[in-house]
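Notes to accompany the following structure.
Note that these values count all heavy atoms, side chains included, but never hydrogens, waters or copies made by symmetry. Chain letters run A, B, ... following the sequence lines, proteins first and then strands; every chain starts at 1. Worth saying up front: this structure is predicted, and the values here are computed from it rather than measured.
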Amino acid sequence: MKHIVADILNQALAGLSELTEAAADLSVAATVERTRDPAHGDFASNIAMRLAKPARKSPRDIAASIIEALSDSDQVEKVDIAGPGFINFHLSPSAFHAEMESILSEGERYGRQSPQESPKILLEFPSANPTGPLHVGHGRLAAYGATVGNLLEAVGYPVYREYYVNDAGRQMDILGVSVWLRLIGMDGIEVPFPKGAYRGDYIREIAASINTDGVDTVTADDVLSDLPADEPEGDKEAYVEALIDRARTLLGDGGFNHIRQQSLDSIRGDIEDDLAEFGVTFDRWYSEQDLTGGDAIDKALAVLEERGMLYKKDGATWFRATDFGDEKDRVVVRENGVRTYFASDIAYHFEKRERGFDQLIDILGADHHGYAPRLKAGLEAMGYKGNDLEVKLVQFVTLYRGGEKMQMSTRSGEFDTLRQLRAEIGNDAARFYYVSRSNDQHLDFDLDVAKSQSNDNPVYYIQYAHARVASVFRQLAEKALQWDQAGGRDHLGLLVEPQERALMTGLSRYPEVVELAANNRAPQHLVHYLRDLANDFHTYYNAHAFIVDDAALRDARLYLISATRTVIANGLAILGVSAPEQM
RNA sequence: GCCCCGGUAGCUCAGUCGGAUAGAGCACCAGAUUCCUAAUCUGGGGGUCAGAGGUUCGAAUCCUCUCCGGGGCGCCA
């Protein structure tokens, strides 16, 4: 609806030559916003104040001349000047009626913009390492990423969702050795379990379930002889390393890789199932092994080399990240010839861009914030723009149980999983809560509170509004009454109660909220909006009966609540939350 | 030391490109149900927007400094 005001404002401005220069680089639409106080009308523009300085006139004088130049519109009822120079627009009821009609006719498309070809967006999240089940922190990345993806699609962008699987490198060896130690433990060979290995219960479950055909049996002496000390006496990394070497020696590379690969497959399968149940799906699971196995990294390094972005120092190969604003140069090939994680990351982002995606969005945990500058530096060094990559950081989730802060560490095994969270509070509440706060805000998740207060949970409040509408229509059917939709549309003029006016205003805001939330990658705007809209509905519900004897009024009211049902359902769908017919 | 995020009601948090009297939930107090689901609604109290300067018609919002809390700064992944 905002465009109604922006359009006539633009028109008026075009006719005021004394203001064209002052308004040259001003977006008129950006000066138009919803009013907070109904007394101020439906929309207000601060354009006169913005133009006051460049035009060297008083805001109120400018406002007066703009209003003078406004052409008549049957969608605008009244325009006036208020306060320091705001121009307030009161829209006509028919403007709102037309919006209600759009909601009914567009249905689940209402609030969505038509699909466009570009920019093509590659949204990467949550890319948790496949070394254990997803924990509650990953859940936040997943919910946020999925919702941002839905929002971007709603405003018309082509979105491609990708999960980057870190399935190459040392951590996979650590995973393999962790499972192997549990495996031989089942045969009675007790090895002091490494501090640096993965010790969660899921490791034992994998050990118990994998296929050990072709894996050599070993003796305790074979495993234990001449091992270095673990922490606290020794170095935990050296200890794990020695055990990996031992496993490779005793089992052969083939035997060890057999265990390693099965462990990876098991965990990755678990993550895929977990996310699918959570309503989070991907266009591609991008394996780091594909990257390291092919020539993608060589290609990226060659590009950097060609452009003179690499140099040797202390036997290692460095990337000149400082040339692009990073705080220090970064190693891409270590002295021992092994390429760093950063090398594959930079190759991956280069490759994403090469695949034809215009805008890369990474959703990362806040502990990765140092990564943004070096990844942008990498893109720039390879000929793209740093701004082609947008990094959204999501702050930590702190889990409480019984008021006690819980430790979350995959290696220590004391984490709580996304699965547990979903089982305890349900997918809907989890999806909703995860995105109800700004990604920049730490999220305190108290399981006891989430469970004990589940009836006061805003997600139920919103779902209840949806279910209530469905219930009204069931009542209608029980009373053997019909809803005449066309008749309702023709009698929308009967909806003159303040609650009806408020609800129509709320409904008409929906497309603007979706756009705002998408542009800012800020799902919480939608969350708060839906809560407010549900409130408007419940207030209306309590103030007036819908199924009244007057058929014209009844049809009009049913038209309004039908529109409410559509908007709530559309909003919840973007959040990945169900919209029940009954509760 | 440097970098990122946060500090708004008792608690948890919204607050759009700077805009009109700073909002919501929970908690607390007082009410509403012969009537479409009370998982609801109505009303009330509750604020030095961490602090200090600055920018301007106007600052919770932008800038500078300080304080407090969380996180990050590897030839790890």
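A donor-acceptor contact under 3.5 angstrom links the side-chain atoms of A:Asn88 to the base of B:A20. Judged by distance alone with a 3.5 Å cut-off, a donor-acceptor contact links the side chain of A:His369 to the base of B:C3. The base of B:A77 sits within donor-acceptor range of the side chain of A:Tyr371, with an N or O pair under 3.5 Å. For B:G72, its base never sits under 3.5 Å from the side chain of A:Asp367 at any donor and acceptor pair.
Within 4.0 Å of A:Ala82, counting heavy atoms only, lies at least one base atom of the nucleic acid. The residue A:Glu512 sits apart from the nucleic acid: no heavy atom pair falls under 4.0 Å. Nucleic acid contact class of A:Thr539 (heavy atoms, under 4.0 Å, all strands): sugar-phosphate only. Within 4.0 Å of A:Ala168, counting heavy atoms only, lie sugar-phosphate atoms of the nucleic acid but no base atom. Among the protein residues, A:His544 comes within range of the nucleic acid bases, having at least one heavy atom under 4.0 Å from a base atom. In this structure, A:Asp37 reaches the bases: a heavy-atom distance under 4.0 Å links it to at least one base atom across the strands shown.
Ring geometry for A:Phe319 versus A:Phe324: interplanar angle under 30°, hence parallel rather than tilted (30 to 60°). Note: A:Tyr286 and A:Tyr164 have tilted aromatic rings, judged against thresholds of 30 and 60 degrees for the angle between ring planes.
Atom P of B:C68 sits at a distance of 28 Å from the matching atom of B:U55, rounded to the whole Å. Atom name C1', nucleotides B:A14 and B:G25: the rounded distance is 10 Å, in whole Å. The separation of B:A50 from B:C67, taken at their C1' atoms, amounts to 8 Å, rounded to a whole angstrom. Separation of the P atoms belonging to B:C2 and B:U66 is 9 Å when rounded to the nearest angstrom. Using P as the reference atom, B:C49 and B:A9 are 10 Å apart when rounded to the nearest Å. On the P atoms, B:A39 is 31 Å away from B:G46, given to the nearest whole Å.
The existence of a salt bridge linking A:Asp173 and A:Arg260 is confirmed by a sub-4.0 Å separation between a basic side-chain nitrogen and an acidic carboxylate oxygen. Residues A:Arg170 and A:Glu237 are paired through a salt bridge, judged by an N-O separation under 4.0 Å between the basic side chain and the carboxylate. With respect to the salt-bridge test (charged N to carboxylate O, under 4.0 angstrom), the residues A:Arg374 and A:Glu327 do not qualify. By the 4.0 Å N-to-carboxylate-O rule, A:Arg554 lies too far from A:Asp550 to be salt-bridged with it. Of the charged side-chain nitrogens involved, at least one lies within less than 4.0 Å of a carboxylate oxygen, so that A:Arg501 and A:Asp42 count as a salt-bridged pair.
Here A:Leu530 contributes atom CG and A:Asn535 contributes atom CG; the two are 12.5 Å apart, rounded to the nearest 0.5 Å.
For the pair A:Ile47 CD1 and B:C57 P, the computed distance is 18 Å after rounding to whole Å. The nearest whole Å value for the distance from the CG atom in A:Asn336 to the P atom in B:A77 is 9 Å. Atom-to-atom, CG of A:Asn542 to P of B:A38 comes out at 7 Å; the value is rounded to the nearest Å. Spacing between atom CG of A:Asp549 and atom P of B:C36 amounts to 14 Å, rounded to whole angstrom units. Between the P atom of B:C13 and the CZ atom of A:Arg531 lies a distance of 17 Å, rounded to the nearest Å. Taking atom CZ on A:Arg468 and atom C1' on B:A38, their separation rounds to 8 Å, with Å as the unit. Put simply, NE2 on A:His442 is 10 Å from P on B:C13, counting in whole angstrom units. One can place CD of A:Gln395 at 8 Å from C1' of B:C4, the figure rounded to the nearest angstrom.
For A:Glu124 against A:Ser127, the heavy-atom pair with the smallest separation is OE2-OG, 2.8 Å.
Ring-to-base geometry places A:His40 in a stacked arrangement with B:A20 (centre distance under 5.5 Å, plane angle under 30°). The aromatic ring of A:Phe86 sits over the base of B:A20, with ring centres less than 5.5 Å apart and planes inclined by under 30°.
Between A:His368 and B:G71, a side-chain N or O to OP1/OP2 separation shorter than 4.0 Å is absent. Phosphate proximity of B:C13 to A:Arg437: present, with a side-chain N or O under 4.0 Å from OP1 or OP2. Using a 4.0 Å cut-off, no side-chain N or O of A:Arg170 falls inside it from OP1 or OP2 of B:C75. The phosphate of B:C76 has neither OP1 nor OP2 within less than 4.0 Å of any side-chain N or O from A:Thr340. For B:G15, one of the phosphate oxygens OP1 or OP2 lies less than 4.0 angstrom from a side-chain nitrogen or oxygen of A:Gln524. For A:Asn519 and B:U16, the shortest distance from a side-chain N or O to OP1 or OP2 is not below 4.0 Å.
Consecutive pairing runs in RNA chain B reach the stem threshold at B:1-7 with B:67-73, B:10-13 with B:23-26, B:28-32 with B:40-44, B:50-54 with B:62-66, where a stem means at least three Watson-Crick or G-U wobble pairs with distances under 3.5 Å.
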